[in-house]
Structures are given as structure tokens and as C-alpha cells.
Protein chains: 2
Amino acid sequence: MSRTAGSSGKKTLAAIHEAGLDLIHERGFEAVSLRHLAARVGLQPGSLYNHIETKQDLLFDLIHNHMVTLLQSVDAELDGIEYPLARLKAFIAFHLTYHIERKREVFIGSSELRSLDPKNRKKIVALRRAYEERLCDILKRGTEKRLFKIDDIPVSAYAILAMLTGICTWYDAKGRIDRKTLIDIHTRLVLQGVLK
Amino acid sequence: MSRTAGSSGKKTLAAIHEAGLDLIHERGFEAVSLRHLAARVGLQPGSLYNHIETKQDLLFDLIHNHMVTLLQSVDAELDGIEYPLARLKAFIAFHLTYHIERKREVFIGSSELRSLDPKNRKKIVALRRAYEERLCDILKRGTEKRLFKIDDIPVSAYAILAMLTGICTWYDAKGRIDRKTLIDIHTRLVLQGVLK
DNA sequence: TATAAAAACGATCATACGTTCGTATTCTGG
DNA sequence: CCAGAATACGAACGTATGATCGTTTTTATA
């Protein structure tokens, strides 16, 4: 046999990305072989190479897509919101929502950084730093306007991000806590920690 | 050649554990081959099997040792401290200190859980839960005594732990922030978030 | 000091890996 | 409707992997 009826490049690549996210999330990049991946998509291993350059490039594309989307989304979400407190609240709600909805991407984007070769890793780290800066900016503005009392802005930003991102490892959308409650709890925790 | 002069089981196993922590921390469990490991220790690959059962068992031992030590240490540290606020402060300081000093173990203990087979993972998760319970207990006591105002104890505990554990990924002991400052910042963040 | 246990070597096993390639089939633009 | 591009197959490549084994040398015990 050879080319399958109905096959289309775009659809297959999307399926590869989807299966890649699933498998890497479950087992880790190193533990996922291209044979696993191909089987999940319904292809022979060699056929993957009609759509990806290398396994490494696949990982980079997955993480890069995620980071770009994350940045665009946060900017869209914060756009038009002026006051630091409102911006902080919006940031928290956005971050939690996004991280709930894209568990796989977020997890891979942080835990598989070390599987990227240095050049690729550098690009991703730059994007991540840009995202962190969004929060730092909010904290800085709030401090300048004497709304927040913060000992050290970068450290506090890291701490807050770690706290908010942590939900990825335990939050179950079907569990006891609904999304709104989750956001409320975290908003209160962060605000109390930060407000003057 | 065969048995090397001066070789001793205890020392070699310790060297294997040490090299294992280093390599797994740097590259991830799946990416570390027994050949890498053996080379780092200065052995032939086959010789590892005089000291470990399997690669999987090595990982389990590393994580298990870490979790047991963590639990013993936290209990020793909190022993004798009565009041919830003091206990919470002690917990925060302990957790941060321990996580700074044992970056590798902590990182491996959370990021390589998925590389454990189900039986081993279950044991580790139970130990981790026991550790989380230490914090939950503190929060509960504090809430009962009307010292803390907490919306949801488990969620808050996870959030706090995520925040405190996050330092592993960025804190550099030789960097701008010294340990005491780090502890102060985090203590303030947590306490404000939790106090009535 | 004799002897068994411990520890290391080096060769080797079967398997799995990422990737390449020639070929066959299907899709698509002119 | 036909030609060339796109897509997939299936076999194969060289390499790396976790693990085993027989052998040899060192250490420790009695």
C-alpha cells in the first residue's frame, strides 16, 4: 500500500501534534518513541517525516506554539484594563483558566525544556521571560501607585507564578472544586499577600 | 582486569546514587543510560548490577530515600513547636531550606514520578501525601483557633506548597537573594494570604 | 592463612531507537 | 484530464539501550 485515501497534510500534522501533546504529557518526551507516536496517529513511523523535520523539531514546535499563544492571549486579556488591581485580578483569572484548559501544553512547556537543544531552549526561555514580565509590570505599577506592598518584585512574581501554575499538577476539572471557586481562592491568597 | 583494588560496596553504591542524582537532575531519568551512569562512576555498565537491581529500582531508591528523609526532617523540625503560627513559620523556613539544599532530590522526586512503575509510584505518592498533611494540619489547627482565615484548606495547602517548591526551578544560592531574604519574602507572602 | 563472598571486567544478547529511502498511490492545480 | 506534488508504506540502516553471564581479582571472615 501507499498513500491512504483521504489523507491530507494539514489534518495529519494536526493529529501528530495532538497525539504528541497527549503522549509527551503522559510519558515524557524521551520516553515517547516515534513508533508510539506513529501508532497513535495511525501511521507508519517513516511517514511522520512527511510532516516533521525531526523529533526535536516536533517538540520545539509544540512548545513554541504554546508560548506564542500564551503571550498573545494574556495581552488580549489584559488589553484595556488600566488599574493595577484589576489587571492583577485579570491576570490571575486568565492564568488559571489557561492553565486548566491547556494542562498538557503548559506541563510540557516547563518540564521538557531540558529536552530542547540549547538553541531552541533559548528561544523558549525568552518567551517565558516575556510572560513573567507581564506580571512583574503589574506588580511594579501597583507598587508605584502605593496599592501594593511588595518586598521584592521578581521574587514575588516567581512565587505567585509558581503558586498559580501548580494547579496543573493536581487540579481535576471534574473534581470537588469548580473553576470559579479555584480562581476565588487563589485570587484571595495572592491579593492578601500583595496588598498594602 | 577484574575487581579493582580499593573497591568497596558501600562507597560504590553511594557514588552511583550521587552520580544518579546529578545525571537524572540534568537530563531526566529516561535520557540517562546506564552507560552514562557507569562512565560517571568509573565502572563498566555491567558492574552496576553488583549494586542495583534494575534501573527502575535505582530511581525508586533515590526518590524513596528522599521522601523518607523529608518526612523525618520536617517532623524533627516541627517537634515541640505548639502554636499554629509558629508552626507555620517553621514549616515555611524548613521547606525552603530543605528545597534549596536538595534541589536535585526534590526535582527528581516530583518530575520523575511518572517514570516509576505504578506500584512504586503508589508508595511515593503516599509519602508525599503524608508530607502535604503536615501543612494541612497546621492550617486546620490555625483555622480552628481563629488565627487563620482560609477558604479551602487542601487547595490552600497545595497552593502554598507549589509556591514554596517553585524556588527549586529558579533559585540560585549564589545569586542576588540570600537565603534569609528568600525565607522572609515567602513567609510574608504566605502569612498575609492566610492570616485573619 | 585458607576460603567464600564481593566487586569488577568485557563480551554479548535481544530489542528499540531515530531516521532514510525507494516505491506506490492519491490528490490537486493548470 | 493529466502531470507533478503530496502522502503513505514497508524495509532497512547504524546505533544505543537495559540486562545477563562467565571469569578474574580483591576483600573480608573464621
Side-chain angles (χ1 to χ4, degrees), chain A residues 1-21 23-24 26-63 108 112 114-120, chain B residues 1-21 23-24 26-63 108 112 114-120:
Chain A
M1 213 204 311
S2 55
R3 181 168 186 178
T4 307
S7 69
S8 128
K10 296 229 165 187
K11 281 204 300 187
T12 306
L13 180 58
I16 291 172
H17 280 180
E18 194 58 27
L21 288 173
L23 286 175
I24 298 171
E26 289 163 19
R27 315 194 191 201
F29 178 71
E30 298 277 357
V32 175
S33 74
L34 294 182
R35 284 165 178 79
H36 291 142
L37 182 59
R40 184 81 133 229
V41 179
L43 289 178
Q44 293 300 313
S47 305
L48 292 173
Y49 286 84
N50 287 316
H51 307 277
I52 66 173
E53 290 297 316
T54 63
K55 196 190 177 197
Q56 169 71 208
D57 284 329
L58 171 62
L59 178 62
F60 175 72
D61 285 345
L62 290 177
I63 300 183
I108 294 170
E112 298 297 356
R114 68 174 158 200
S115 298
L116 289 171
D117 52 44
K119 206 171 161 184
N120 285 336
Chain B
M1 212 205 309
S2 55
R3 181 167 187 178
T4 308
S7 67
S8 130
K10 297 229 164 186
K11 281 202 304 186
T12 307
L13 180 58
I16 291 173
H17 280 182
E18 195 58 26
L21 288 173
L23 286 175
I24 298 171
E26 289 163 19
R27 315 193 191 203
F29 178 71
E30 298 278 357
V32 175
S33 74
L34 293 182
R35 283 164 179 81
H36 291 143
L37 181 60
R40 184 83 133 227
V41 179
L43 289 179
Q44 292 300 313
S47 305
L48 291 173
Y49 286 85
N50 287 316
H51 307 278
I52 66 172
E53 292 297 315
T54 62
K55 196 191 178 197
Q56 169 71 208
D57 284 330
L58 170 62
L59 178 62
F60 176 73
D61 286 345
L62 290 177
I63 299 183
I108 294 171
E112 298 296 356
R114 67 175 159 198
S115 298
L116 290 172
D117 52 44
K119 207 170 161 182
N120 285 337

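The model shown is predicted, which means the values in this text are computed figures rather than measured ones. Protein chains get the first letters and strands the later ones, always in sequence-line order, with residue 1 at the start of each.
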(message) The test is side chain to side chain donor-acceptor pair (under 3.5 Å); show your working for A:S47 and A:Q44 and say whether it passes.
(response) CA-CA 5 Å; A:S47 305; A:Q44 293 300 313; over 6 Å; no
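- Rounded to the nearest 0.5 angstrom, B:I16 CD1 and B:L62 CG are separated by 10.5 Å.
- Atom CG of B:L48 and atom P of D:dA19 are 10 Å apart (whole Å).
- Rounded to whole angstrom, the span from the NZ atom of A:K11 across to the P atom of C:dC27 amounts to 10 Å.
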(request) Take nucleotides 12-18 of chain C nucleotide by nucleotide from the 5' end and write B, S or -, depending on whether a protein heavy atom sits under 4.0 Å from the base, only from the sugar-phosphate, or from neither. (result) -----BB
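- Phosphate contact (OP1/OP2 of D:dA8, side-chain N/O of A:Q44, threshold under 4.0 Å): absent.
- Side-chain contact between B:L37 and B:L58: present, with at least one pair of heavy atoms (C-beta onward) separated by less than 4.5 Å.
- A:F60 does not carry A:K119 over the face of its six-membered ring by the limits of under 6.0 Å from the centre and within 45° of the normal.
- Side chain of B:Q56 to backbone of B:D117: a donor-acceptor contact under 3.5 angstrom is found.
- Separating the CD1 atom of A:I52 from the P atom of C:dT20 is a distance of 10 Å, rounded to the nearest angstrom.
- Distance CG (B:L59) to P (D:dA19): 12 Å, rounded to an integer number of Å.
- A sub-4.0 Å separation between OP1 or OP2 of D:dT7 and a side-chain N or O of A:T12 is absent.
- Under a 3.5 Å cut-off, the side chain of A:E30 and the backbone N or O of B:E30 do not form any donor-acceptor pair.
- Across the protein-nucleic acid pair, A:L58 atom CG and C:dT19 atom C1' stand 14 Å apart, rounded to whole Å.
- Between the side chain of A:H51 and the backbone N or O of A:L48, no donor-acceptor pair lies under 3.5 Å.
- When the P atom of D:dA6 is taken as reference, atom NZ of A:K10 falls 13 Å away, rounded to whole Å.
- With hydrogens and angles left out, the side chain of B:N50 and the base of C:dA6 share no donor-acceptor pair within 3.5 Å.
- Per the geometry, CD belonging to B:E53 stands 9 Å off P belonging to D:dT20, to the nearest Å.
- For D:dT7, neither phosphate oxygen OP1 nor OP2 lies less than 4.0 angstrom from any side-chain nitrogen or oxygen of A:S47.
- With rounding to whole Å, A:L37 atom CG is found 13 Å from D:dA8 atom P.
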